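Below, all heavy atoms of this structure are taken into account, side chains as well, without hydrogens, waters or symmetry copies. Proteins come first, then strands; the chains are lettered A, B, ... in the order of their sequence lines, and each starts at number 1. Note that the coordinates shown come from a computational prediction; the quantities given were computed from them, not determined experimentally.
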There are 2 protein chains.
Amino acid sequence: MDAENAGRADQVETNSGTAIDTIYRELRRRIIDGIYLPEQKLKIEHLRAGFQVSSSTVREALTRLTSDHLVTAEEHRGFRVTPMSMADLEDLTQARIVLECAVLRDSINNATEDWELRLVGAYQRLTRAETKLLHDGASFDTWEECNRVFHDALAANAHSVWLKRLRQLLFQQSERYRRLSSTVATSRAEVHAEHMAIFEAAIAHDAERATALLHDHVWRAANVIRDNTALRKALDKGPERRGSSK
Amino acid sequence: MDAENAGRADQVETNSGTAIDTIYRELRRRIIDGIYLPEQKLKIEHLRAGFQVSSSTVREALTRLTSDHLVTAEEHRGFRVTPMSMADLEDLTQARIVLECAVLRDSINNATEDWELRLVGAYQRLTRAETKLLHDGASFDTWEECNRVFHDALAANAHSVWLKRLRQLLFQQSERYRRLSSTVATSRAEVHAEHMAIFEAAIAHDAERATALLHDHVWRAANVIRDNTALRKALDKGPERRGSSK
DNA sequence: ATATAAAAAATTATCGACAAAAATCGCACC
DNA sequence: GGTGCGATTTTTGTCGATAATTTTTTATAT
């Protein structure tokens, strides 16, 4: 029996704009947060009933999620949460390294006053969140938010809108895996040291050093999962073979 | 008065799969081929009537096109063809260089017998198309197809599915601009020489040389537009300010 | 003439119903 | 016990209508 995730009267308010957009965001959140599991079927009728909207609305929200590659559609057999796997994580990591580094290098080479100010702010907030997390005073959600803002700030100054857009896509994708690795005791202090080093190199306009550090940072994040037998198996063996979302 | 593009009973057959998919593909073709111009409004009702399908079908096809970034949606004011500009071309070119080179390097480093065979085939077909094009014997469409297949073949052997996926996205995006530059007399012979050089470096497993050549190849393709005053102006000044698709 | 506001028209977003296809079940048969 | 086949149920894809919103037009005052 598999209930507890999704289903009964989960009324989403957020009256921001169209219904489609509201549903889209809520579904995205649930997928990234792992409320809907990889490969889980996302049935129109079920979601429609839960959100109290029309089938078309759900359908369009799901179609939008396929852009983010969080949902996969197959003709005549509906939508499901995009699978996760060790292979995908390796692949994603490689792609992220290419994009994150390209974007950071560009950011540094075009460094401006405004950018550095923004970066300092993001770094300070991240530092606070990471210090609190060490002393068990803050939630993982808060840290994740600060982490995202910090990495966005690193990228923000790059010229190419396209590179930034693609980087964002991959970063979002990696959030699902980060969520996974948060379940094991990972060395917070090391992660913070990495962030500090990257920050300092960026502020010093040392593009070579900064990208090298970022490269390792992204790589090590994947290592947390790679080195943990339980997680590795959870990813490849049993991605909770629950087909229905009922 | 602006007719001649889109409108009267354009019945699309292609009975492959769902109606949404058929419409999606046809719209994509028309946007890339420039039948629908940048910034042109894509009205649901108009398209619905033209294709003889329901509004929902058109709507979903348009939503899918936003994944490809060929169509841009704005809340409560519908869909329009994504704009083109000189700035976007510069940006896109920079991003393409990063991805095309990363992918080619990976392809070469993992070189296999099968891949080389495929590459040779693609190169030979491209050579034939380019030779014919020089003597005015083949259509631009045929060349474009061969060019795409050749560049796909270069990328095909890379490990990272993500990098390949993103490369594909950008390549498709660049097709719109390539279409534009086909209107001016560009030096076909030079382009062919570039293709040959890249091909030879790839077959020789010289990743450094191959990526350097590919870098220049992508850059020069942008130059064709950059160096042509008429095209440059057409892009930024008057993207044919025809709002309605009526 | 020009600006402003109300009314009309056009367009998009949402709905619920129905048709088409896939998955599931029940039963004969090996 | 398993295996193929047809009927039933579930789920997806498509439709056309209506509500909500934006754009255009018309009317009115400055």
Please state how far atom CZ in B/Arg77 lies from atom C1' in C/dT12, giving the value in whole angstrom units.
-> 11 Å
Could you tell me the separation between the NZ atom of B/Lys43 and the P atom of D/dT24, rounded to a whole number of Å?
-> 9 Å
Figure out the CG/P separation between B/Leu47 and C/dT11, and round it to whole Å.
-> 12 Å
Compare side-chain N and O positions of A/Lys41 against OP1 and OP2 of C/dA22 and report whether any pair is under 4.0 Å apart.
-> no
All N/O pairs under 3.5 Å across the protein-nucleotides 15-21 of chain D interface:
residue: D/dC15; atom: OP2; partner: B/Ser54; partner atom: N; Å: 2.8
residue: D/dC15; atom: OP2; partner: B/Thr57; partner atom: OG1; Å: 3.1
residue: D/dC15; atom: N4; partner: B/Ser56; partner atom: OG; Å: 3.0
residue: D/dG16; atom: N7; partner: B/Ser54; partner atom: OG; Å: 3.3
residue: D/dG16; atom: O6; partner: B/Ser56; partner atom: OG; Å: 3.3

For B/Ala158, the side chain to side chain contact (heavy atoms under 4.5 Å, CB included) test, sequence neighbours excluded, returns B/Val103, B/Asp106, B/Ser107, B/Lys164
In chain order, what residues pass the salt bridge (charged side-chain N to carboxylate O under 4.0 Å, His left out) check against A/Asp141, with sequence neighbours excluded?
-> A/Arg179
Lys/Arg-Asp/Glu bridge criterion (N-O < 4.0 Å) met for B/Glu74, B/Arg80 = no
Whole angstrom is fine here: how far is it from CD in B/Glu60 over to P in C/dT12?
-> 17 Å
What pairs with B/Tyr24 under side chain to side chain donor-acceptor pair (under 3.5 Å), at least two apart in sequence or on another chain?
-> B/Arg28, B/Asp68
Figure out the CD1/C1' separation between B/Ile44 and C/dA10, and round it to whole Å.
-> 13 Å
B/Phe79 has an atom CZ; how far is it from atom C1' of D/dT22, in whole Å?
-> 15 Å
Measure the distance from CD on A/Glu45 to C1' on C/dA19 and round it to the nearest whole Å.
-> 16 Å
Those residues at least two apart in sequence (or on a different chain) that pass side chain to side chain contact (heavy atoms under 4.5 Å, CB included) with B/Asn147 are B/Leu126, B/Trp143, B/His151, B/Phe171, B/Arg178, B/His195
Identify, with sequence neighbours excluded, every residue that meets side chain to side chain contact (heavy atoms under 4.5 Å, CB included) alongside A/His76.
-> B/Thr18
Could you state the atom-to-atom distance from NE2 of A/His46 to P of D/dT10 in whole Å?
-> 14 Å
